Amino acid sequence: MGGYILKRLVSAVPVLLGITIIVFLIMSLIPGDPATAILGSYATPENVEKLNRDLGLDKSMVQRYFIWLGNMLTGDFGRSFSLNRPVIDEVLERFNATLILAGTSFVLCAILGILAGVASAARQYGLADKAITFVVLIGISVPSFFLGMMMILLFAVDLRWLPVSGMFAIYGGGDLPDLINHLIMPALALAAVATGVIARLSRSAMLEVLRQDYIRTARAKGVPERRVIMGHALRAAMVSVIPVLGIQAGFVLSGAVYIEIVFQWPGVGRMLVDAILKRDLLLVQGGVVFVAACYVIFNIVVDAAQSLLDPRIKT
Amino acid sequence: MSGFLKLLFRNRLAAMGALVLMIILALILIAPLLPLQDPDVTATADRFKRPFADGHLLGTDHLGRDLLSRLLWGTRLSLAVGIAAALIAAAIGSAIGITAGYFGGRTDNIIMRGVDMLMAFPYILLALAIVAALGPGLMNALIAVAAVNVPFFARNIRGVTVGLAGREFIDAARLAGKGHMRIILTELLPNVLPVIIIAMSTTVGWMILETAGLSFLGLGSQPPQADLGSMLGEARSALISHPHTSIVPGIMIFLIVMSINLLGDGVRDALDPRLRSGALSRPRATTLVERTGDIPARTDDLLAIQDLHTEFHVGSRIYRAVGGVSLAVKPGECLGVIGESGSGKSVTALSVMGLVASPPGVITGGAVRFQGEDLIGAPYETLRRKRGDRVAYIFQDPLSTLHPLYTVGQQLAEAIQSHHKTSNTEARAHAIQLLSDVRIPNAAARADNYPHELSGGMRQRVGIAMALANEPDVIIADEPTTALDVTVQAQILSLLDDLRRDRGLAIIFITHDFGVVAQLCDRVAVMYAGRIVEEGQTQAVLDAPAHPYTRRLIACVPELGGGRRELAAIPGLPPLVDDLPPGCAFAPRCDKAQATCRTGEIALAGTAPRAVRCLYPEVTV
Ligand code: SF4
């Protein structure tokens, strides 16, 4: 097992390198003089000169890439001009908030999606199945940002159950109940689409598995039906659900950008959008590389979970 | 094609999606002709008019612009941009995919590596990086969304191309001296095109949503030009005071995405034949029972199947798999049930404990009595308590009948714990004991193996051990040795025989092999087309088969006990049980058939225990 994870980690190295190369290439698409473009309205002559030196614009592209890569490996992602602080500090701080939001959403969509799918399959064509299928259809069709806005109207403005936006109350907040209070709406809005996708997939995976001979064997030996569904069938269905969880995690992370804007959540997505609008490109570049790297590593964890579940995968 | 469309629109939801989409498309196509106000003319005096205000059907926005007009023009722009992005992504992605798939080797390797790396990004990071480099703007957002979707097309199209590139017509074109470019354009592309179009239709809704999303973030269309996303984005600051400005564009996005989703689901269902036949229905915990007619009276047999009728209801067709079968066993007795596949022998066996998959299976008549108690129509819990405890099954092909993700020890322990309250350690010890009972060497270590780690014979022993777990009174073995080679088969048979003698087990042994029956069974029943055509003591039947079918079955076995042999030597095929001819079902294949054979019902007659269902039997019984 440990060897397997190690092997997967090693195989992630080229992917991580690839990510840096892609980001580097995209950033070299910047039209015109990069230093001026990056600095935008912060372009004082000495800033431009310093950045030119930092970027090593006198050097070749390959050299520049390796200098950039080397700097990142030592934790130096450059300096944000709009915030006037090291990029990595800002990214880490913001990533924390994103992780709370996206992590909660991910757990929610995995649990709700699988439960809904199982319930749907267990009562195929029953009332619960039809209701779940309908809600899922709506869930995967509402853009998350619109859903978020409608939730604000209903739960914050009309019913006054939950705060409109932000991560903590401005006065007297900051503790865990306050965080949870602020987290409920954005986490649910963000989880909606992924929940729908996972529910659909779990339903069809369960239906597929329930027709297998080993389910008949379980029934033939007198295993109670609840255990047949929640044990035998669910475990086998998870084999096809888990890889999709990894993919959905990417969608949740992507959707977080919109949700952070709608709910003014101080996460890395909102930071990126602000940075783009302010043309703070070093901040964008650092943020993108960092989050993408985290996502790659997360997917290794998903793979490991898969190999724990399925003994047929060579470890 | 018309069949496909019929199928598609029989799906009411898909038809609804198509309708909504058509209406939206029609509206935006005729938008320039409608008497709409200029979407960009501001009128600060008319700010935030509510819907249905005079002159503004949907009200006005924060600059007093007519929302209906902006909505239609915005939808136009959103759809145009989304479709353009889809076209660009499809064109570039397909070009890359075809190149990789056609040339293969290193080219393929390098390209696909790059594609994998692009797919390692959460898509929005890539889109944001591109917009960041190029600067915000609708054109750049379009480029970003297209670029993000290129890898998806590249990977799909490559897969299809690889499949095609090895085919003869490509080789032929090459030999004919055509250049690569010409082969790709004239031979490959026409074959790949349908896949490209399907991939496009599944992603276009997504790309509309994505460009709207970037505009919503302020990174796409810039004022005064507005698509649905930027309308929603601009309205957001007035969300609480004037929600209608947000709701109008939001609902439009929702409608577009939902109708495309519905249509896409409909297309997928119409293309997937498995969903059509309803084969994806889940089997219930017990077979459905819809009994008509009298319930036969109890007997003193251990297990008695009485005039059992089991049918499969598929759509409007009814397959009579079992048409009135009666069988019985006493303790310590072994009854063989023999027949070709499709004769109804397995369905009979599965009906006993309500294990026929349902839907489509339905038990429509008769009784199954265990110690006198009727199990058909018994409540689920009554049945479950007997399953595996009093009446246990051994199935064919234990690779598919054992759960792949539990160790064999766990599966054995579960069989015990489903009927007895025992601790996990006790159950495990018992499981190991069972494994050594069926002569599995090194049982303790084997208990921790998964089924795929064992040999076929070993797996079948596990299947037997599982059936023995609760010391049942009856074991129903459904072709338990078919998948095994001759020596292993012999071992398994002698194991079953020992168990029967030692424990007084009654065994119902389902097989298509008379050799196996001769070795193991006291009595035998021959099934054909869902009915018993002959029964009697094994030796008596072997010595003097009465039914022409039985005679031919026995003639097929050159040497009794000689391993697996299909019954293909009998000319003709068993009849389909949804359309049985009147009279004898075997008549079309029988060399003694007379006109009288094809008229009326033929009774199973003879002096017990022998009986035969034939007008002109080989011997009188
Ligand atoms: S009833 Fe007639 S057709 Fe049927 S098996 Fe006997 S002889 Fe052949």
Side-chain angles (χ1 to χ4, degrees), chain A residues 15 18-19 22-23 26-27 29-31 121 124 137 140-143 145-146 149-150 152-153 157 204 207-208 210-214 216-225 228 232 235-236 239 250 253-254 257-258 261-262 272-273 276-277 281 284-285 288 291-292 295-296 309-312, chain B residues 113 116-118 120-125 128-134 136 209 212-213 216-219 232 236 239-240 243 246 250 253-254 257-258 261-262 280-283 285 353 355 357 380 384-389 392-393 395 400-405 414-415 418-419 450 452 466 469:
Chain A
V15 181
I19 282 173
I22 289 168
V23 173
I26 290 176
M27 286 305 161
L29 290 175
I30 301 170
Q124 195 190 11
L137 177 70
I140 59 176
S141 301
V142 186
F145 40 94
F146 181 54
M149 289 163 75
M150 292 303 105
I152 291 178
L153 277 183
V157 179
S204 59
L207 288 178
E208 183 69 41
L210 280 167
R211 293 163 50 229
Q212 300 297 316
D213 287 347
Y214 51 79
R216 189 186 60 196
T217 308
R219 286 178 172 154
K221 57 183 186 183
V223 176
E225 187 64 10
V228 171
H232 291 245
R235 184 183 271 230
V239 170
L253 208 51
S254 294
V257 175
Y258 301 116
I261 297 277
V262 171
L272 285 175
V273 174
I276 293 172
L277 292 172
L281 294 185
V284 177
Q285 181 175 306
V288 167
V291 178
Y295 177 64
V296 168
L309 176 74
D310 190 345
R312 290 167 299 182
Chain B
R113 277 276 160 82
D116 284 346
M117 307 231 159
L118 284 171
F121 280 88
Y123 71 90
I124 199 145
L125 288 182
L128 287 181
I130 294 171
V131 174
L134 299 178
L209 189 57
F216 173 79
L217 297 175
L219 305 176
L232 196 56
R236 200 170 60 86
L239 170 67
I240 294 173
S246 303
I253 302 180
F254 167 66
V257 176
M258 189 176 68
N261 278 344
L262 283 175
L280 257 190
S281 292
R282 95 188 190 86
M353 283 286 137
L355 289 171
Y380 165 72
R384 183 192 76 74
R385 280 172 195 283
K386 295 223 164 35
R387 284 177 177 179
D389 190 42
Y393 281 87
F395 295 109
S400 66
T401 52
L402 291 176
H403 198 293
L405 307 183
E414 190 187 29
S418 293
H419 299 286
Y450 289 93
H452 72 279
M466 202 141 83

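Given the structure is predicted, the values throughout are model-derived calculations rather than measurements. Chain naming here is simple, since letters A, B, ... match the order of the sequence lines and numbering starts at 1 in each.
- When the candidates Gly213(B), Pro136(B), Gly218(B) are compared by the number of heavy-atom contacts under 4.5 Å with chain A, Gly213(B) comes out ahead.
- Proximity to chain B (any heavy atom under 4.5 Å) is shown, for Ala220(A), by both the backbone and the side chain.
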message = Set out, in order, the CA-CA distance, both residues' side-chain angles and the distance that settles side-chain contact (heavy atoms from CB on, under 4.5 Å) for Leu277(A) and Leu219(B), then state yes or no.
response = CA-CA 8 Å; Leu277(A) 292 172; Leu219(B) 305 176; 3.7 Å; yes
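- Side chains of Leu125(B) and Leu272(A) form a contact here, defined as non-hydrogen atoms less than 4.5 Å apart.
- Looking only at side-chain heavy atoms (C-beta outward), Leu128(B) and Ile276(A) come within less than 4.5 Å of each other.
- Contact detail for Pro122(B) and Gly250(A): the closest heavy-atom pair is CB-O, 3.8 Å.
- Note on Ala357(B), Gly388(B), Pro404(B): by heavy-atom pairs under 4.5 Å with chain A, the leading option is Pro404(B).
- In this structure Tyr214(A) satisfies the ring pair (Phe, Tyr, Trp, His ring centres under 6.0 Å) test together with His403(B), sequence neighbours excluded.
- With a 4.5 Å cut-off on non-hydrogen atoms, Ala129(B) touches chain A through its backbone and its side chain both.
- Per-residue counts of heavy-atom pairs under 4.5 Å with chain B were compared for Val262(A), Val223(A), Val273(A); the largest is that of Val223(A).
- Note: Leu217(B) leads Leu209(B), Val257(B), Leu217(B) in heavy-atom pairs under 4.5 Å with chain A.
- With a threshold of 4.5 angstrom between heavy atoms, Asn261(B) approaches chain A through side-chain atoms but not through N, CA, C or O.
- Although no hydrogens or angles enter the test, the distance criterion places no donor-acceptor pair under 3.5 Å between the side chain of Thr401(B) and the main chain of Thr217(A).
- At least one side-chain heavy atom of Ile22(A) sits under 4.5 Å from a side-chain heavy atom of Phe121(B).
- Across Gly18(A) and Met117(B), no two heavy atoms sit closer than the pair CA-SD, 3.0 Å.
- For the options Ala415(B), Ala132(B), Pro243(B), heavy-atom pairs under 4.5 Å to chain A are most numerous at Ala132(B).
- Interface remark: of the candidates Arg113(B), Lys386(B), Glu414(B), Glu414(B) forms the most heavy-atom pairs closer than 4.5 Å to chain A.
- Residue with the most contacts toward chain B among Leu153(A), Val142(A), Leu253(A): Leu153(A) (heavy-atom pairs, distance under 4.5 Å).
- Between atom CZ of residue Phe254(B) and atom CE of residue Met150(A) there is a gap of 12.0 Å, rounded to the nearest 0.5 Å.
- Using a 4.0 Å cut-off between a side-chain N of Lys or Arg and a carboxylate O of Asp or Glu, Arg384(B) and Glu225(A) do not qualify as a salt bridge.
- Two residues are said to be in side-chain contact when any heavy atoms from C-beta on lie closer than 4.5 Å; Leu405(B) and Pro311(A) meet this criterion.
- Val157(A) touches chain B through its side chain: at least one heavy atom from C-beta onward sits under 4.5 Å away, while N, CA, C and O do not.
- Using a 4.5 Å heavy-atom cutoff, the side chains of Leu232(B) and Phe145(A) are in contact.
- By number of non-hydrogen pairs under 4.5 angstrom with chain A, the leading residue of His419(B), Arg385(B), Met353(B) is His419(B).
- Counting heavy atoms from C-beta on, the side chains of Val15(A) and Asp116(B) never come closer than 4.5 Å.
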inquiry  = Under the criterion side-chain contact (heavy atoms from CB on, under 4.5 Å), I'd like the reasoning laid out for Phe395(B) against Arg216(A): C-alpha separation, chi angles, the key distance, then a yes or no.
reply    = CA-CA 10 Å; Phe395(B) 295 109; Arg216(A) 189 186 60 196; 3.4 Å; yes
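- For a residue to count as touching a neighbouring chain, one of its non-hydrogen atoms must lie under 4.5 Å from one of that chain's; by this rule Ile140(A) touches chain B with backbone and side chain alike.
- Contact annotation: the side chain of Leu134(B) never approaches that of Ile26(A) to less than 4.5 Å [non-hydrogen atoms, C-beta and beyond].
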